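In what follows, a structure is listed as structure tokens, so that the remarks can point back to it.
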Amino acid sequence: MSSREGDMALAMAGLVLAGFLVTRLDNIPDRSFGDPLGAVLMPKIWIALLALCSAVIGVRAFLAGGALVNGAGSKEDVSHPKSVAGVVIAVIVYVLAMNYIGYYLATFLLATTILTIGRRSAWIFNLIVAAAITAAFYAVFGWGLGVDFPEPSILGY
Amino acid sequence: MSVIDGLALGFAEALTIHNLLLILMGSFLGTWIGMLPGLGPAAGIAVLLPFTYGMPPAAALMLLSGIYFGAQYGGSISSILINTPGDASAVMTALDGYPLAKKGRAGAALLISALSSLFGGTVGLIALTFLAVPISKLAITFGPAEYFALMVFALVATSSLVSSNVAKGMLSLAAGLLFACVGTDLQSGLPRFTFGLDDLLDGIHLTDVIVGLFALSEAFFNVERMMTGAAHRPIKTGKLWATRAEYLRARWAAVRGAIIGFFVGVLPGAGGSVATIMSYTTEVKLSKHPEEFGKGAVEGIAGPEAANNACVPGAMIPLLSLGIPGSGTTAILLGALLLYGLQPGPQLFVDHPDVAWGLIASLYISNIMLVILNVPLIGIFVRMLDFRPEILAAIIVLVALTGAYAVTNSLFDVELAIAFGVLGYLMRKVGIPAAPMIMGVVLGGMLEQSLRQALSLSGGSWLVFVNRPIAATILLLSLLSLMWPLVRNLIGAGRSKPGQRRTDVIAK
Amino acid sequence: MRSLTIAAIALAAVALSSSTFAADEVKPDQPVQIIAGASPGGGYDRMARMIAKELEAQKLVDVPITVVNKPGGGGALGWAYINRFQGKMNYLSMTATAFLSNVLLGVSPLKMEDFTVLATLVDEDLCVAVNPKGKITSAEQLFKTMKEHPENLRFGFSTAIGNQNHVLLVRLAQELGADVSKINTAVFGGASESTVALLGNNIDFSISGGETFAGYQISGELKCVAVSGEGRLGGELADVPTLKELGVNLSYSPTRGVIAPGGLSAEQIAFWDKALKTMSESADWKETAEKAYWRVDYKDSKAATEANAKDRDELRAVYSTLGIIKK
């Protein structure tokens with residue numbers, strides 16, 4: 001994805017979002033008991049700013065036709081969106097599964113998954129490290145800070 | 001009781017073996033809690049509160065405030081090392097601390113951070129000890145109009161941050177401001193942008209934004225680096241000590257940061273997050289080389305670090321002298337005081353001087369303890385970066401998600417954090433800076449609410465911003481600040497040449 | 001070897017999470033969670049911690065008790081949270097006026113009938129406070145200005161439109177025949193913020209629970225000019241006259257109570273009726289409540305539900321006056 005296309009996609013996304021948010025504003029009744037500005041004015045201003053900036057970015061990208069320098073520098077150019085998508089999906093599954101299998105088991109599985117994505121070898125090693133990580137989390141959060149984690153529901157909770 | 005007598009009493013209270021151990025424990029715990037993203041000092045204190053019921057109140061407060069101070073130190077450690085701010089007041093430190101660490105100079109970043117923190121804390125404490133009463137008198141005159149002016153000032157200063165790409169920076173800011181609108185609107189009581197979700201009634205928790213934008217998006221990038229076999233980052237500690245030139249630059253930033261942090265801390269309702277933003281943006285504004293920020297400018301570390309440590313004694317002033325919390329964390333300390341049966345406020349110094357002065361003395365001690373604890377550990381912390389990237393990634397992801405959960409015991413916050421993580425990742429891909437968004441989220445709420453409060457109270461008259469001297473002054477300064485780059489360009493056009501780079505900018 | 005490791009880890013994971021096979025019986029056998037719908041330091045949180053402390057100290061339950069903060073929507077978030085646990089008796093939440101008003105004001109669709117009202121525990125008399133160095137320095141002056149020049153008054157309160165503090169203002173204005181919509185009103189995020197505003201003379205008067213202002217009454221920085229209950233408060237506020245004493249025929253003491261998720265059985269309710277009543281009658285509780293300027297006034301589940309319904313009707317009337325509800 002070149003910078004130019006990226007920017008244009010960004011601009012489109014920004015404008016669409018601005019439009020969408022404007023429709024959500026209608027859900028807010030305009031109560032008269034309150035302050036002179038009301039609850040709707042400031043969001044409107046921010047949405048306008050959002051739309052304006054998106055438009056500027058889009059126009060610039062359209063006119064530039066090629067040599068747009070990405071402000072963030074070349075460090076962020078290593079691109080492997082598939083693996084990131086994989087991790088994101090793993091994380092989402094982690095959250096959803098937590099209610100069924102409980103926090104510790106889910107954490108253990110997620111740790112294993114991330115480690116496996118990184119190191120394709122030494123399966124057992126990954127499991128041990130994941131177990132160690134899970135144990136450490138128990139020590140710090142579960143025991144030390146007394147956080148109340150979700151519990152497995154398949155056991156009749 | 002005079003100040004000197006009070007201090008003497010306080011130190012006598014604090015310098016017992018028992019209390020010293022408590023202060024040490026609090027500082028130590030606080031550092032670790034501060035390092036964990038999502039858990040700030042507020043959460044740490046809330047969690048440990050029940051354990052303190054059996055203790056004498058003075059001792060309990062020493063423990064809790066040790067945590068408060070410690071968290072300011074700790075938050076910056078994870079900011080610098082893994083771009084994962086421990087809490088809102090550590091976010092600014094990550095903006096320049098992490099790039100500096102990536103250049104292999106993590107040690108220098110940590111050292112500057114620790115020293116600035118020490119400095120800021122000390123300045124704040126001295127101001128607390130001697131200036132508490134007059135400062136609090138000034139602080140309470142700040143009404144909605146003044147808060148609004150302050151927010152305008154902070155946001156205007158943000159404009160200098162985005163000079164590299166104004167449109168993208170402002171886009172980020174606008175998004176942040178909109179995120180701040182999500183939730184129940186204070187003035188009208190109406191839910192905005194909540195999409196019918198009860199979980200959004202309290203708005204988007206800052207924790208989730210920080211955890212997502214920084215920790216998770218950084219973790220996603222780590223995953224990419226792992227996959228594309230980008231070389232296992234050679235983390236050279238670099239020179240553990242900063243260069244002399246860096247010290248010099250950092251010094252004034254720390255002074256400014258301490259002053260800003262202290263005053264913002266005193267203002268009820270504004271705490272470390274606002275203080276560090278104001279310090280950072282001030283440094284950018286005042287710097288002769290603003291383009292260095294975001295790439296490892298030491299002022300960007302020194303200023304906010306001094307600010308967030310000066311903020312702690314600042315926030316204690318309204319707590320101890322008026323019974324009003326100066327920040328979110330002090331609100332919990334207030335609750336703690338009430339639970340112990342103490343009435344905070346001016347009576348506290350009269351009825352329980354040992355508690356009040358003991359607390360102040362313990363902060364002095366904690367401040368010093370923290371530097372002694374942390375500086376030698378810098379080497380160890382840096383070595384932790386040598387873990388294999390996939391282990392780091394796993395730990396960061398899990399710590400981030402767990403931290404997001406631990407604050408409200410709600411998986412919804414975790415889901416939000418994930419969403420912000422993806423957002424942060426995408427933002428970095430298209431070159432949208434994260435800093436303005438954070439600033440929008442932090443400042444947006446207070447900006448809007450104080451504006452509307454001010455207008456409500458003035459009967460709709462905008463003149464209120466002109467008639468009130470403090471508000472008018474701050475707004476004028478904001479205007480000047482906005483004009484400053486133009487002015488400077490006009491002046492500078494005749495002077496320095498583009499080739500004249502300062503030789504102390506390190507690039508290893 | 002590997003499968004053993006997996007089995008061991010799985011067992012450990014299961015063991016670490018406390019699960020239960022027994023259905024809830026006549027007392028809570030799972031840890032009790034008290035949900036405070038606000039951040040630490042506020043009224044909900046204070047009461048939640050008080051209850052937790054007392055229940056434990058008096059051994060009224062034999063499971064651990066934790067207080068969980070879920071701030072949002074004046075308490076709505078906390079109530080929405082326990083709403084997910086229908087039929088479970090180990091979840092409690094604190095309520096105040098917002099519990100009844102949220103649905104009226106459109107903040108949240110949850111109504112009282114979705115829950116089991118377990119008790120009202122205390123009445124909270126509200127205090128009207130002014131700054132002695134400010135524009136308004138006495139009750140008479142306040143009432144006069146309200147009637148004649150409401151637009152000259154600046155009122156600040158916390159924490160949300162339509163809450164008990166706001167309601168008192170509206171009813172007071174009604175009694176006095178004043179136009180409440182002309183009073184310049186700002187909402188603050190918490191009691192400390194509105195107090196600071198009053199201390200700094202950025203507002204002329206404020207209304208909050210007695211405890212907010214007690215400390216300042218002693219030091220003289222603020223002055224409470226009226227309390228809203230039938231009788232006077234004690235402690236440092238003993239000198240403050242009631243509205244009735246001042247000639248205003250109004251008495252308003254909003255209640256604070258406890259609820260549980262809906263769908264509790266009669267036995268479950270009976271347990272909590274007994275436990276909360278015992279707690280409420282203890283000297284310790286009375287003492288703690290008094291320190292918070294709350295009056296102990298226990299009503300059990302049935303009585304509390306009726307009282308709440310009545311309060312809700314009154315609120316409806318107030319909000320219609322304010323013009324902020326459509327129904």
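These numbers come from a predicted model, not from an experiment. Below, chain A is the first sequence line, B the second, and so on; all start at residue 1.
- When all heavy atoms of L21(A) and F193(B) are compared, the closest pair comes out as O-CE2, 3.7 Å.
- If you measure heavy-atom distances from L401(B) to chain A, the contacts under 4.5 Å come from the side chain alone.
- Rounding to the nearest 0.5 Å places CD of Q187(B) at 11.5 Å from CE of M42(A).
- Contacts between Y103(A) and chain B at a heavy-atom distance below 4.5 Å involve the side chain alone, from C-beta outward.
- Using a 4.5 Å heavy-atom cutoff, the side chains of N165(B) and R60(A) are in contact.
- Among the candidates I45(A), L49(A), I47(A), the single residue satisfying the side chain to side chain contact (heavy atoms under 4.5 Å, CB included) test with L178(B) is I47(A).
- If you measure heavy-atom distances from L457(B) to chain A, you find no contacts under 4.5 Å at all.
- L171(B) touches chain A through backbone and side chain together, each having a heavy atom under 4.5 Å away.
- Ranked by non-hydrogen atom pairs under 4.5 Å with chain B, the options L110(A), T134(A), V129(A) are led by L110(A).
- Distance CH2/W46(A) to CZ/F179(B): 14.5 Å, rounded to 0.5 Å.
- Ranked by heavy-atom pairs under 4.5 Å with chain B, the first of V91(A), V56(A), L96(A) is V91(A).
- Heavy-atom distances place no part of P433(B) under 4.5 Å from chain A, backbone and side chain included.
- With a 4.5 angstrom heavy-atom cutoff, V95(A) touches chain B via backbone and side-chain atoms both.
- Note: F108(A) CZ to L398(B) CG = 12.0 Å, rounded to the nearest 0.5 Å.
- Closest approach of A39(A) to E448(B), counting heavy atoms only: O-OE2, 4.5 Å.
- Taken from CG in L451(B) to CG in L41(A), the straight-line distance is 8.5 Å, to the nearest 0.5 Å.
- Taking CD1 from I432(B) and CG from D7(A), the interatomic distance works out to 8.5 Å, rounded to the nearest 0.5 Å.
- In this structure, the separation between NZ on K168(B) and SG on C53(A) is 12.0 Å, given to the nearest 0.5 Å.
- Across F137(A) and I395(B), no two heavy atoms sit closer than the pair CZ-O, 4.1 Å.
- Interface remark: Y405(B) contributes side-chain atoms only to the contact with chain A (heavy atom separation under 4.5 Å).
- Heavy atoms closer than 4.5 Å to chain A are found in the side chain of V397(B), but not in its backbone.
- With a threshold of 4.5 angstrom between heavy atoms, L10(A) approaches chain B through side-chain atoms but not through N, CA, C or O.
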